[in-house]
Amino acid sequence: FPSMLLLACDLETVVKDLFYTLTFQCVNWFTNNQHEENKETMALLDAIVDGLSSDQAPLRAFSGNCVREFINANKENSHDQMLSNFKSLLRRIYSLATDRSPSKRLGAAVGVLHLYKPFRDQEELVVKFSVRMAKVFLSSLRMAERDSENAGTVEKTKLCVSKIILIIKKWISKLRKDAGLGKLVEFVFAEIGRLEENYRKTCQEHFVEICGVVFKSPLRGIEKILKNKGKDVLFATCEKGLKSCVGVKKGSKITLDGGETLIVADQVLSDKATISFFLGSMVASTDCYDFLMKLGWKKFEGGKFFESVKF
């Protein structure tokens, strides 16, 4: 299968046309499998997903087309087999989305952008998988923050997240019954104070979007979250990095206000690095509080933000 996909992207027109058609025929044939996790079907999926993370743009694009063809062909399967095949595909895409390699995460985003159209109109698939998909690709976007601008991962992953949120908004009446939707709102809210700027801004934007359809307004969404999780979650969200980390040495741990642990593994933090980390945390906290104020939230009693100005 990998060789077949490569030949479908060949520069020679005759070879390309021949294997392009053959590959699509194979996708349709092997998607109509009778047994769960059929070896041939899984081998084909592995080849397609490997192609998504290729450094060769034509192969990556063609593999994306194969993903779309796979989803379209999968509609003709029995109910259980359709779900099984879709799970198998998503499991592989999620593995790419959370990989350290930028090219693999880019491939995951390309895959979802190609399956978007056939996926958005299938109610059962949307209800079962869209919330989890949103969380995975938001996490992938956070990882992309450290990538080179030339990698293209931030742009593609942001677009991917936007498409998934659009699907969720479209099917919101069906998703209201899913407990996972409330968890998604809580997850996005918890991320609006992250240090990574692109990721933070994206979470703020989509928090407003999701709350607009789930709770009618972001303020109602915040009130619901604080009622369920406690008032301290507001400060844990806005002040994730605001703890003094002066004098931290290699191998030490810094516990952030959000409950996370930063392990200093690469080098001893100099005063300069410590101050840089702290100032980045201040910027993130300031931006988060500014975001909440612009929404109209006024209940900010407590927290360490203003105390930290004395750092």
Side-chain angles (χ1 to χ4, degrees), residues 23-24 26-33 36-38 41-42 44-53 60-98 104-141 153 155-181 183-184 187-188 202 206 209-210 213-214:
T23 302
F24 271 39
C26 286
V27 169
N28 280 272
W29 177 264
F30 286 109
T31 302
N32 190 26
N33 51 320
E36 186 173 341
E37 296 286 317
N38 178 272
T41 306
M42 297 305 104
L44 175 61
L45 272 183
D46 286 338
I48 292 172
V49 172
D50 286 345
L52 286 174
S53 57
R60 188 166 58 242
F62 179 65
S63 297
N65 290 334
C66 289
V67 168
R68 182 186 293 130
E69 189 66 17
F70 182 87
I71 300 300
N72 285 327
N74 196 40
K75 294 177 184 178
E76 307 302 321
N77 275 325
S78 65
H79 175 267
D80 290 344
Q81 196 54 54
M82 178 193 70
L83 288 178
S84 175
N85 282 344
F86 195 73
K87 286 179 183 177
S88 296
L89 173 61
L90 279 190
R91 186 168 61 251
R92 288 163 171 78
I93 288 179
Y94 289 169
S95 178
L96 292 184
T98 54
K104 289 188 177 182
R105 281 184 273 109
L106 177 62
V110 169
V112 169
L113 289 173
H114 277 81
L115 67 77
Y116 165 71
K117 286 186 177 180
F119 171 67
R120 68 182 176 184
D121 297 322
Q122 299 186 56
E123 178 184 330
E124 184 174 9
L125 295 183
V126 169
V127 172
K128 283 183 176 291
F129 301 111
S130 60
V131 170
R132 171 64 177 162
M133 194 182 294
K135 287 185 178 180
V136 169
F137 280 91
L138 278 168
S139 299
S140 185
L141 177 60
T153 48
E155 179 185 358
K156 287 290 186 183
T157 310
K158 282 180 72 173
L159 179 59
C160 187
V161 171
S162 296
K163 295 288 188 182
I164 297 169
I165 298 300
L166 282 175
I167 293 174
I168 290 174
K169 290 170 66 177
K170 176 182 177 181
W171 291 99
I172 193 66
S173 60
K174 302 294 182 181
L175 286 165
R176 285 184 188 280
K177 302 174 184 178
D178 183 5
L181 183 61
K183 297 293 183 183
L184 175 63
F187 174 82
V188 177
T202 299
H206 292 309
E209 276 191 85
I210 298 171
V213 293
V214 177

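Being a predicted model, the structure only gives us computed values, none of them experimental.
- The local environment of NZ in Lys87 is sparse, with at most 12 non-hydrogen atoms from other residues, nucleotides or ligands closer than 6.0 Å.
- Side-chain atoms of Ser53 come within 3.5 Å of backbone N or O of Asp50 as a donor-acceptor pair.
- The side-chain heavy atoms of Arg92 and Leu45, taken from C-beta on, include a pair separated by under 4.5 Å.
- Remark: Glu69 CD to Asn28 CG distance equals 4.5 Å, nearest 0.5 Å.
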**CA sep, side-chain torsions, deciding dist, call: Phe86, Asn74, side chain to side chain contact (heavy atoms under 4.5 Å, CB included)** = CA-CA 8 Å; Phe86 195 73; Asn74 196 40; 4.3 Å; yes

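- Distance CG/Leu89 to OH/Tyr94: 9.5 Å, rounded to 0.5 Å.
- To the nearest 0.5 Å, atom OG of residue Ser95 and atom NZ of residue Lys104 are 7.0 Å apart.
- Between atom CG of residue Leu138 and atom NE2 of residue His206 there is a gap of 7.0 Å, rounded to the nearest 0.5 Å.
- Side chains of Leu181 and Ile172 form a contact here, defined as non-hydrogen atoms less than 4.5 Å apart.
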**Request:** Evaluate the side chain to side chain contact (heavy atoms under 4.5 Å, CB included) criterion for residues Val131 and Lys183: first the C-alpha distance (whole Å), next the side-chain angles of each, then the deciding distance (0.1 Å), finally the verdict.
**Result:** CA-CA 9 Å; Val131 170; Lys183 297 293 183 183; over 6 Å; no

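- The two residues Glu124 and Leu83 come nearest to each other via the heavy atoms OE2-CD1, 3.7 Å.
- At least one donor-acceptor pair under 3.5 Å links the side chain of Thr157 to the backbone N or O of Thr153.
- Side-chain contact between Ile168 and Glu209 is absent, with no heavy-atom pair separated by less than 4.5 Å.
- Between Val214 and Leu184, the closest side-chain pair of non-hydrogen atoms is not below 4.5 Å.
- A salt bridge between Asp121 and Lys170 is present, with a side-chain N of the basic residue lying under 4.0 Å from a carboxylate O of the acidic one.
- The side-chain heavy atoms of Met82 and Leu125, taken from C-beta on, include a pair separated by under 4.5 Å.
- Listed for the Trp171 side chain is no donor-acceptor partner under 3.5 Å among the backbone atoms of Gln122.
- Looking at heavy atoms from C-beta onward, Phe137 lies in side-chain contact with Ile93 at the 4.5 angstrom threshold.
- Lys163 places none of its side-chain heavy atoms less than 4.5 Å from the side chain of Met133.
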**Prompt:** Do Phe129 and Ile167 pass the side chain to side chain contact (heavy atoms under 4.5 Å, CB included) test, and can you show the C-alpha distance, the side-chain angles, and the key distance before you say yes or no?
**Reply:** CA-CA 11 Å; Phe129 301 111; Ile167 293 174; over 6 Å; no

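- At most 12 heavy atoms of other shown residues, nucleotides or ligands fall within 6.0 angstrom of atom NZ in Lys174.
- Annotation: the span from Leu44 atom CG to Cys26 atom SG amounts to 7.0 Å, rounded to 0.5 Å.
- Considering all non-hydrogen atoms of both residues, Pro118 and Arg68 come closest at CG-CG, 4.1 Å.
- Between the side chains of Asn85 and Gln81, at least one donor-acceptor pair of N or O atoms lies under 3.5 Å.
- Within the 4.5 Å cutoff, the side chain of Phe24 has heavy atoms near those of the Asn65 side chain.
- Between atom CG of residue Leu141 and atom OG of residue Ser139 there is a gap of 9.5 Å, rounded to the nearest 0.5 Å.
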**Message:** Apply side chain to side chain contact (heavy atoms under 4.5 Å, CB included) to residues Ile164 and Cys160 and explain how you reach the verdict.
**Reply:** CA-CA 6 Å; Ile164 297 169; Cys160 187; 4.1 Å; yes

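- Checked by atom type and distance alone, the side chain of Ser140 never pairs as donor or acceptor with a backbone atom of Val136 at under 3.5 Å.
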